[in-house]
S.K.: 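Take this structure, written in structure tokens, and hold onto it; I'll ask about it next.
It should be emphasised that the depicted structure is a prediction, and the values quoted were computed from it without experimental measurement.
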Amino acid sequence: MKQQHHTNEIFSANCPLCRHITEDIEIGRCEGCKQIVYDLNNMTEDIKTKMKHYGVKAVPTTIIDGSIKIDGIPDLPWICGEDLFQKLKRDYSFNRD
């Protein structure tokens, strides 16, 4: 089975906790997965819109494929793969409505 690639959007204030999760995801993600870091110290209208859309109220917050939301640092090894994705989907899925 071909591995699915994902988009990881990380809302960060560039603090030590934010850098920690950003680095963990960067190290653990596969080549095909995309990582986007939004630095809240350089706020733009686009970032504000995304924060409102995803309901981001704290940092770090990680959004995966627009349907999984992780507030803070998850207590699990971040190694890209279908097992991790299914666990995140089960434990961290959110409804934006």
S.K.: Is Asp46 atom CG crowded by more than 12 heavy atoms from other residues, nucleotides or ligands, each under 6.0 Å away?
M.R.: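 Check passes, neighbour count above 12.
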S.K.: Could you tell me if the side chain of Cys18 sits less than 4.5 Å from the side chain of Ile10, heavy atoms only?
M.R.: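 Ile10 vs Cys18: side chains apart.
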S.K.: Which atom pair, heavy atoms only, marks the closest approach of Asn42 to Ile47?
M.R.: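 Shortest heavy-atom contact: O-CD1, 3.7 Å.
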S.K.: Is the closest side-chain heavy-atom distance between Gln35 and Thr22 below 4.5 Å?
M.R.: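 Gln35 reaches Thr22 side chain to side chain.
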S.K.: Would you give the length of the straight line joining atom NZ of Lys57 to atom CG of Asp71, rounded to the nearest 0.5 angstrom?
M.R.: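 If I round to the nearest 0.5 Å, the distance is 10.0 Å.
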S.K.: Measuring from atom CD of Glu9 to atom CD1 of Ile25, what distance do you get when rounded to the nearest 0.5 angstrom?
M.R.: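 Output value for this atom pair is 11.5 Å.
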S.K.: I would like to know whether Ile63 and Phe11 meet side chain to side chain contact (heavy atoms under 4.5 Å, CB included); could you show each step before the answer?
M.R.: CA-CA 8 Å; Ile63 306 293; Phe11 293 85; 3.8 Å; yes
S.K.: For residues Glu23 and His20, determine if any side-chain heavy atom of one lies less than 4.5 Å from a side-chain heavy atom of the other.
M.R.: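 Glu23 vs His20: side chains apart.
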S.K.: Give the minimum heavy-atom separation between Leu17 and Pro60, together with the two atoms involved.
M.R.: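 Distance-wise, the nearest heavy atoms are O-CG, 4.1 Å.
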S.K.: Taking atom CG of Asp24 and atom CZ of Arg19, what is their separation to the nearest 0.5 Å?
M.R.: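 Rounded to the nearest 0.5 Å, the CG-CZ separation comes to 13.0 Å.
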S.K.: So do the side chains of Lys89 and Ser67 get within less than 4.5 Å of each other, counting heavy atoms only?
M.R.: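 Counting from C-beta outward, Lys89 and Ser67 never come under 4.5 Å.
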S.K.: Look at the aromatic rings of Phe85 and His6 and report parallel, tilted or perpendicular, splitting at 30° and 60°.
M.R.: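 Aromatic pair Phe85/His6 classed parallel.
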S.K.: Taking atom OH of Tyr38 and atom OG1 of Thr44, what is their separation to the nearest 0.5 Å?
M.R.: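 It comes to 9.0 Å.
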S.K.: Does the side chain of Lys48 reach to within under 4.5 Å of the side chain of Met43, using non-hydrogen atoms?
M.R.: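 Yes, at least one pair of side-chain atoms sits under 4.5 Å.
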S.K.: Using only atom types and a distance under 3.5 Å, with no angle test, would you say the side chain of Arg29 pairs donor to acceptor with the backbone of Cys80?
M.R.: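 It does not hold such a pair.
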S.K.: Are Asp39 and Ser12 close enough that a side-chain donor and a side-chain acceptor fall under 3.5 Å?
M.R.: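 No, Ser12 and Asp39 have no side-chain donor paired with an acceptor closer than 3.5 Å.
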S.K.: Please examine the side chains of Ile70 and Ile64, heavy atoms only from C-beta on, and report whether any two atoms are closer than 4.5 Å.
M.R.: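 Side-chain contact under 4.5 Å: yes.
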S.K.: Could you tell me the separation between the SG atom of Cys33 and the CG atom of Asp65, rounded to the nearest 0.5 Å?
M.R.: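 Rounded to the nearest 0.5 Å, the SG-CG separation comes out at 8.0 Å.
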S.K.: For the atom pair NZ (Lys69) and OG1 (Thr62), what is the distance rounded to the nearest 0.5 Å?
M.R.: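 Between atom NZ of Lys69 and atom OG1 of Thr62 there are 11.0 Å.
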